[in-house]
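Counting begins at 1 with the first residue of the sequence. Computed over heavy atoms, backbone and side chain alike; hydrogens, waters and symmetry mates excluded.
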Amino acid sequence: MLAIAVGVGLGLFYGWVIRPVEYVDTSPNTLRIDYKSDYVLMVAEAYQAEGNLDKAIQRLTFLGEASLVDLVYKTMVFAETIGYTDTDLAKMQNLLSDLKAYSLLQETPAP
């Protein structure tokens with residue numbers, strides 16, 4: 001028992017003090033889809049409370065994805081498969097709909 005405890009202690013000391021993991025220059029686009037889904041949900045909740053689409057776009061741009069519409073759609077599909085509540089999905093759907101409308105307005109050439 002003593003040898004196991006000493007081995008675990010030395011292993012933890014080595015991993016935490018001598019050679020800890022160092023993350024260098026990581027960006028938010030390296031997040032897994034579950035974390036991205038949580039972040040998009042937080043943005044959708046803030047958007048529902050504030051009603052400021054420009055601020056929501058700014059927050060979503062933080063994730064570094066090329067298409068915000070695709071980002072929100074992918075995270076919604078994931079959120080639905082893992083069982084997000086209908087209320088949360090509705091908030092994300094509202095954000096997605098407004099992003100689509102905004103992107104269509106941006107693509108439409110001025111007369």
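- Evaluation of the side-chain hydrogen bond (donor to acceptor under 3.5 Å, both in side chains) test over residues 9-20, restricted to residues two or more places apart or in two chains, returns none.
- Every residue two or more places apart in sequence or in another chain that forms a side chain to side chain donor-acceptor pair (under 3.5 Å) with Thr85 is listed here: Asp88.
- Summarising the geometry of Leu95 relative to Ala56, their closest heavy-atom pair is CD1-CB, 4.1 Å, with the distance given to 0.1 Å.
- The distance from the OH atom of Tyr39 to the CZ atom of Arg59 is 7.5 Å, given to the nearest 0.5 Å.
- Under the salt bridge (Lys or Arg N to Asp or Glu O under 4.0 Å) criterion, Asp34 pairs with Arg32, not counting sequence neighbours.
- Side-chain contact annotation: Asn94 with Tyr47, donor-acceptor N/O pair under 3.5 Å absent.
- Here the CG-CD1 distance, from Leu12 to Ile18, works out to 11.5 Å after rounding to the nearest 0.5 Å.
- Qualifying salt bridge (Lys or Arg N to Asp or Glu O under 4.0 Å) partners for Glu80, counting only residues two or more places apart in sequence or in other chains: none.
- With Glu45 as the partner, the side chain to side chain contact (heavy atoms under 4.5 Å, CB included) test is satisfied by one option alone out of Glu50, Met92, Lys91: Lys91.
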Please set out all donor-acceptor pairs under 3.5 angstrom arising from side-chain atoms of residues 62-79, sequence neighbours excluded.
{"from": "Glu65", "atom 1": "OE2", "to": "Lys36", "atom 2": "NZ", "distance (Å)": "2.5"}
{"from": "Ser67", "atom 1": "OG", "to": "Asp70", "atom 2": "N", "distance (Å)": "3.2"}
{"from": "Ser67", "atom 1": "OG", "to": "Asp70", "atom 2": "OD2", "distance (Å)": "3.4"}
{"from": "Thr75", "atom 1": "OG1", "to": "Leu71", "atom 2": "O", "distance (Å)": "3.1"}
{"from": "Thr75", "atom 1": "OG1", "to": "Val72", "atom 2": "O", "distance (Å)": "2.9"}

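- Inter-residue side-chain proximity for Leu53 and Leu99 is flagged as met; some heavy-atom pair is nearer than 4.5 Å.
- Both Ile82 and Leu89 are assigned to one and the same hydrophobic cluster, defined by single-linkage of ILVMFWY side chains at heavy-atom distances under 4.5 Å.
- When the side chain to side chain donor-acceptor pair (under 3.5 Å) test is applied to Asp38, the partners found at least two apart in sequence or on another chain are Tyr84.
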